[in-house]
Amino acid sequence: MDHDQRRIGILTGGGDCPGLNAVIRAVVKAATKRGWHTFGVLGGFEGLLEPVRLRRLDYQEMGALLTQGGTILGTSNRGRFAAKTGRGEVHRIPDEILDEAKRNLAKEGLSALVCVGGDGSLTIAQQLFEAGVPVVGVPKTIDNDLEATVMTFGFDSAVECATHALDRLHTTAESHSRVMVLEVMGRSAGWIAISAGISGGGDVILIPEIPFRYEQVCAKIAEREKSGRHFTLVVVAEGAQPLGGDLVTQGPAAGDREVRLGGVGAAVASEIERRTGKEVRVCVLGHLQRGGGPTSFDRLLCTRFGVMAVELAAEGKFGHMVTLRPPVTQAVKITEAIGRIRRVPLDGDLVRTARALGISLGD
Ligand code: F6P
């Protein structure tokens, strides 16, 4: 083990999610064991620009972080580093911004930068790497839509939150003989919806990968009515769309901000009510899926990822990201993970499982 007094940095970028602090803790602990000093960059990538915002991270402070939600470093998905806007298009970060960040890291004597983020943040990390910054990536997002890893951290925690919500909606739906619509996050991927939908006993699951028809959704409700089940649980991913219909958004993308999704749950609820005459209620889970602490699965994944990120820094394996390929964690080039979204495969086992159970996917 080398004790070379190295200084490394860590930052969290993009939307927060459960487990960010657990990664920070693992990086600090593993780096300290090597005799290194770790510095947190505050406020995401913006903290690399003047005035540089760094905070020394002490081994002793890390104890409580394993279970704590959010990120002690702060994060942002906007600002001068925003690499993605609109529906996924990538913007080149101006050279002067990349150069300023590189200069500042060198000035602070940081010999590696661990970037914890999803597709947008890892796209920025790759651009920094190409500009000469020694970067290591850690894949984060509740959406689970990143290529090159079987799972991102934060996803399991979001699925657990949505599953618990369905458990609760189940009892009230049944008591009132209602249709309950639960809208979950996930952007243009249906991983949260289909995973929580199956785990939580959903009857209809609508995902962006499968354009749905209201006739099919209502047919499922009618089938349940006929068999004496007068309630139905409908899970809708925020990016789901009716066949030939539009994405429901909270307004267009603007400046450095990606388009905000949301509202499809209400649209689905009112159309079901109109067509079936049944009482329908909608629940939008929103940021509850992103808040709070990580599940035990995510705590373990974050810890494995954090430790491996330090190993990659020690080996000088920059431009790489840690990844989960069960049963092991591995390193892949960041370029393998970014640039396209990993969506739920239509011939995969989740879709097959749902169909085999008689769950309607709306098609
Ligand atoms: O990418 C994570 C995510 O939670 C998406 O599922 C969701 O569409 C988006 O971020 C919400 O972003 P914001 O926190 O900016 O509203």
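Please read all numbers here as calculations on a predicted model, not as lab measurements. In this chain, numbering begins with 1 at the start of the sequence shown. Ligands are counted one by one from 1 in listed order, and the atoms in each one are counted from 1 as well.
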Chemist: So among R229, K220, R224, which one has a side-chain hydrogen bond (donor to acceptor under 3.5 Å, both in side chains) with D203?
Modeler: R224
Chemist: So is R55 actually on top of F39's ring, under 6.0 Å and inside 45° of the axis?
Modeler: no
Chemist: Is D16 paired with R290 through a side-chain N to carboxylate O contact shorter than 4.0 Å?
Modeler: yes
Chemist: Looking only at protein heavy atoms, which one is nearest to atom 3 (C) of ligand 1, and what is the separation?
Modeler: R290 NH1, 3.4 Å
Chemist: Which atoms from ligand 1 have a heavy atom of G186 less than 4.0 Å away?
Modeler: 6 (O)
Chemist: Between F318 and V41, is there shared hydrophobic-cluster membership here, with clusters defined by ILVMFWY side-chain heavy atoms closer than 4.5 Å?
Modeler: yes
Chemist: Under 4.0 Å from any heavy atom of I142, which atoms of ligand 1 are there?
Modeler: 4 (O)
Chemist: Does the pair R340/D145 count as a salt bridge with the N-to-O cut at 4.0 Å?
Modeler: no
Chemist: Judged by non-hydrogen atoms, does D143 sit under 4.0 Å from ligand 1?
Modeler: yes
Chemist: Nearest non-hydrogen contact with atom 8 (O) of ligand 1 belongs to which option: E258, H287, E238?
Modeler: E238
Chemist: G15: heavy atom below 4.0 Å from ligand 1, yes or no?
Modeler: no
Chemist: May I ask you to establish whether R343 and W191 are in a cation-pi arrangement, using a distance under 6.0 Å from NZ or CZ to the six-membered ring centre and at most 45° from the ring axis?
Modeler: no
Chemist: What is the closest protein heavy atom to atom 15 (O) of ligand 1, and at what distance does it sit?
Modeler: N77 ND2, 3.5 Å
